[in-house]
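Working notes for the structure below.
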2 protein chains.
Amino acid sequence: METGSGRNRSVPTLEMVAALAGVSRATVSRVVNASPKVNPDIRAAVNEAIATLNYVPNRAARSLVSRRSQAVALVVPESTAKVFADPFFASVVQGIALSLAETDFTLNMIIASESRSEKTRRYLLGGNVDGAIVVSHHSGDHSYAHLGQALPIVFGGRPLTGADDSYYVDVDNDAGAATATAHLVGLGRRSIATIAGPQDMPPGVDRLNGWRHSLQSAGLDDSLIEVGDFSPESGTVAMRRLLDRGVPIDALFAANDQMAAGAYAAIRERGLRIPEDIAVVGFDDDYFGATATPALTTVHQPAVEMGATIAEVLVKLIEGTPVERVTRLSTKLMVRDSA
Amino acid sequence: METGSGRNRSVPTLEMVAALAGVSRATVSRVVNASPKVNPDIRAAVNEAIATLNYVPNRAARSLVSRRSQAVALVVPESTAKVFADPFFASVVQGIALSLAETDFTLNMIIASESRSEKTRRYLLGGNVDGAIVVSHHSGDHSYAHLGQALPIVFGGRPLTGADDSYYVDVDNDAGAATATAHLVGLGRRSIATIAGPQDMPPGVDRLNGWRHSLQSAGLDDSLIEVGDFSPESGTVAMRRLLDRGVPIDALFAANDQMAAGAYAAIRERGLRIPEDIAVVGFDDDYFGATATPALTTVHQPAVEMGATIAEVLVKLIEGTPVERVTRLSTKLMVRDSA
DNA sequence: TTGAAAGCGCTAACAG
DNA sequence: CTGTTAGCGCTTTCAA
């Protein structure tokens with residue numbers, strides 16, 4: 001009585017359906033689980049009973065006996081949670097949720113903090129979920145990699161550690177950066193600088209590599225590099241340093257839109273024009289790029305698709321269907337006004 | 001055999017713990033559930049057995065017998081999911097997840113589309129969760145309100161339908177708008193316009209009311225109203241219409257930062273300066289305001305706190321602890337350069 | 001093809 | 001304070 005707002009609407013059980021349909025519980029179970037060997041007439045009768053009773057199978061009971069939770073965990077490291085507002089990340093989550101909605105799997109979101117890591121580990125290994133997704137944009141956090149032995153896990157983003165047997169889905173950062181840089185080269189620019197991201201994060205590394213490869217194959221100088229931390233402020237600082245080198249610069253590839261936006265400020269401080277004096281290309285295609293003036297030419301990432309793909313790979317892994325360990329999604333250059 | 005990557009590491013059961021500790025399963029259960037009446041020595045022995053075995057209680061089994069899933073659903077209407085990248089919304093979700101992490105509840109995220117509404121209903125009522133949270137920023141979607149009878153539900157945001165018995169947590173939009181407007185009045189502005197949000201969304205209505213109340217109590221004209229749809233473009237269009245009225249305007253309260261950013265463009269088109277000619281205040285304190293030049297004075301919403309509060313209210317509701325039906329969180333005016 | 005029976009791992013009376 | 005005894009709702013051999 002004192003438990004407050006409990007459920008009182010009597011939930012129909014499989015047994016009640018069986019009684020109403022005049023069959024055994026086993027048969028109802030077979031119908032519910034779409035077993036092929038059930039007499040069509042009986043099947044119809046059972047389905048009718050299910051409908052009139054508004055029967056919904058009890059997950060806990062099913063899970064208990066089948067040893068399957070039909071749930072997957074979405075693990076979000078707390079450090080990432082802070083940048084939860086990251087539009088890219090948000091879209092990835094959206095893609096995951098949308099894709100999973102098509103299946104029978106439920107999505108359990110859990111924030112994993114350092115302090116609660118043991119709790120998280122237990123949760124994942126305690127049979128609460130059939131698999132897990134670990135996402136952390138702009139980070140190669142694979143501290144859960146070793147759990148891959150015990151539980152199907154798919155990572156969003158390439159792990160930092162090279163030789164890995166993890167399953168992951170990533171955006172082709174290298175190719176995207178190379179395409180962006182090639183665009184600059186195609187525009188006739190010859191002194192192309194870059195503001196790279198942190199070199200301890202895969203996207204930071206991969207995008208720098210893409211820029212470098214593109215420049216090298218064009219036979220251009222690839223020494224105009226400054227490193228930022230993906231924040232607008234770091235972009236401003238890095239751009240100033242680039243300009244302070246005294247070397248003429250006619251183009252910039254920033255490893256993300258936020259730093260590109262920051263670079264805008266530094267470029268303007270020096271009385272230079274965009275794109276006339278310095279053409280700028282960013283990466284991410286987020287708010288920062290969209291609201292900048294002039295509109296930023298940038299590399300768009302298929303975030304929703306990435307989320308959907310992660311979910312699909314995980315489901316296949318859980319179901320034992322063969323899948324590639326690595327899936328790389330291609331990006332698209334959005335040419336606007338800055339380059 | 002053909003089920004692919006299943007778990008093989010034998011999961012220890014309560015029974016194994018009991019055997020190792022030399023007690024009955026009931027006693028182990030008591031220790032696990034922190035029952036007060038257990039001999040300290042026995043408790044210690046059991047805990048040791050739990051530790052050495054690395055025992056984790058099976059949720060399904062527990063849930064089956066206790067009739068509690070220890071899970072809550074986070075229902076995100078699909079229309080909202082599109083604006084999943086909305087930073088406010090993202091922070092609310094973060095607050096929810098963080099708060100729930102402190103409890104024993106799990107967060108099940110589900111995207112509810114029109115086409116799958118029956119599936120969602122069944123999921124919620126099928127005993128899969130002990131309660132639900134329905135969030136949809138910038139919308140008073142309470143189509144799940146009637147489920148409140150059968151399941152504890154807490155809404156994020158005020159419902160549009162006035163007389164309601166739903167539980168909800170909201171930001172005090174009215175007061176926030178009034179404070180923003182009062183700030184403008186305090187600056188000596190006398191012709192204060194507003195770009196309101198859609199009048200079929202609670203925040204749109206409440207913010208317009210706050211503006212109006214503030215103006216009325218200052219004895220100023222409250223007829224300079226144009227309605228937008230919260231997008232930057234609509235802000236530009238609305239501002240042009242306001243300016244086209246031919247009435248001098250020296251200040252603007254935009255119902256959100258995005259529209260304020262849009263208004264910036266229209267104001268500049270006319271060769272007017274911000275804040276000298278027209279002081280501008282927005283609402284939301286998001287990217288748009290932060291990156292605008294001049295930096296936008298705006299109303300900050302406690303998004304993470306809102307999420308945390310929603311979760312706390314729901315947990316209390318589930319546990320039968322008394323809670324207020326309505327919780328209104330206060331906002332904070334962030335004075336920057338535009339007003 | 002269908003039914004009977006045996007649990008899955010856990011909690012909750014009820015005794016002792 | 002601790003153990004015994006029943007199941008929770010479902011799937012799954014095993015027979016019929």
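In the text below, chain A, chain B and the rest are named by the order of the sequence lines, each starting its count at 1.
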Starting at [atom1] of [X] and ending at [atom2] of [N], how long is that distance when rounded to a whole Å?
| X | N | atom1 | atom2 | result |
| --- | --- | --- | --- | --- |
| B:I50 | C:dC10 | CD1 | C1' | 13 Å |
| A:Q70 | D:dC10 | CD | P | 15 Å |
| B:E15 | C:dC10 | CD | P | 9 Å |
| B:K37 | D:dT2 | NZ | P | 11 Å |
| A:N33 | D:dT13 | CG | P | 13 Å |
| B:D104 | C:dT11 | CG | P | 12 Å |
| B:R43 | D:dT2 | CZ | C1' | 13 Å |
| B:R67 | C:dA12 | CZ | P | 11 Å |

Name the nucleic acid region contacted by [X], choosing base, sugar-phosphate or nothing; use a 4.0 angstrom heavy-atom cut-off, strictly under.
| X | value |
| --- | --- |
| B:V32 | nothing |
| A:S66 | nothing |
| B:T13 | sugar-phosphate |

Which is more 5' along DNA chain D, the nucleotide nearest A:P57 or the one nearest A:R30? Just name the residue.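 Of the two residues, A:P57 wins.
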Residue whose closest nucleotide on DNA chain D lies nearer the 5' end, B:N39 versus B:V65: B:N39
Given side-chain hydrogen bond (donor to acceptor under 3.5 Å, both in side chains), test A:R121 with B:N54 step by step and report yes or no. CA-CA 11 Å; A:R121 231 188 74 86; B:N54 221 293; 4.8 Å; no
If only side-chain N and O atoms count, and only distance matters, is there a donor-acceptor pair under 3.5 Å linking A:N128 with A:S69?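 No pair is found: no donor N or O on one side chain lies under 3.5 Å from an acceptor on the other.
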Which nucleotide in the list [options] gets nearest to the side chain of [X]?
| X | options | answer |
| --- | --- | --- |
| B:L14 | C:dT11, D:dT11, C:dA4 | C:dT11 |
| A:A61 | C:dT2, D:dG9, C:dA6 | D:dG9 |
| A:L64 | D:dC10, C:dG9, D:dT4 | C:dG9 |

Quick check against the 3.5 Å criterion: does B:N58 have a side-chain atom that pairs as donor or acceptor with the backbone of B:A60? yes
With no hydrogens and no angle check, is any side-chain donor or acceptor of B:S66 less than 3.5 Å from a backbone partner on B:R62?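 Here the side-chain-to-backbone pair exists.
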What distance do B:S91 atom OG and B:L98 atom CG have between them, rounded to the nearest 0.5 Å? 11.0 Å
Closer than 4.0 Å, any side-chain N/O of [X] to the OP1 or OP2 of [N]?
| X | N | value |
| --- | --- | --- |
| B:N58 | C:dC8 | no |
| B:S24 | D:dT4 | no |
| B:S29 | C:dT11 | yes |

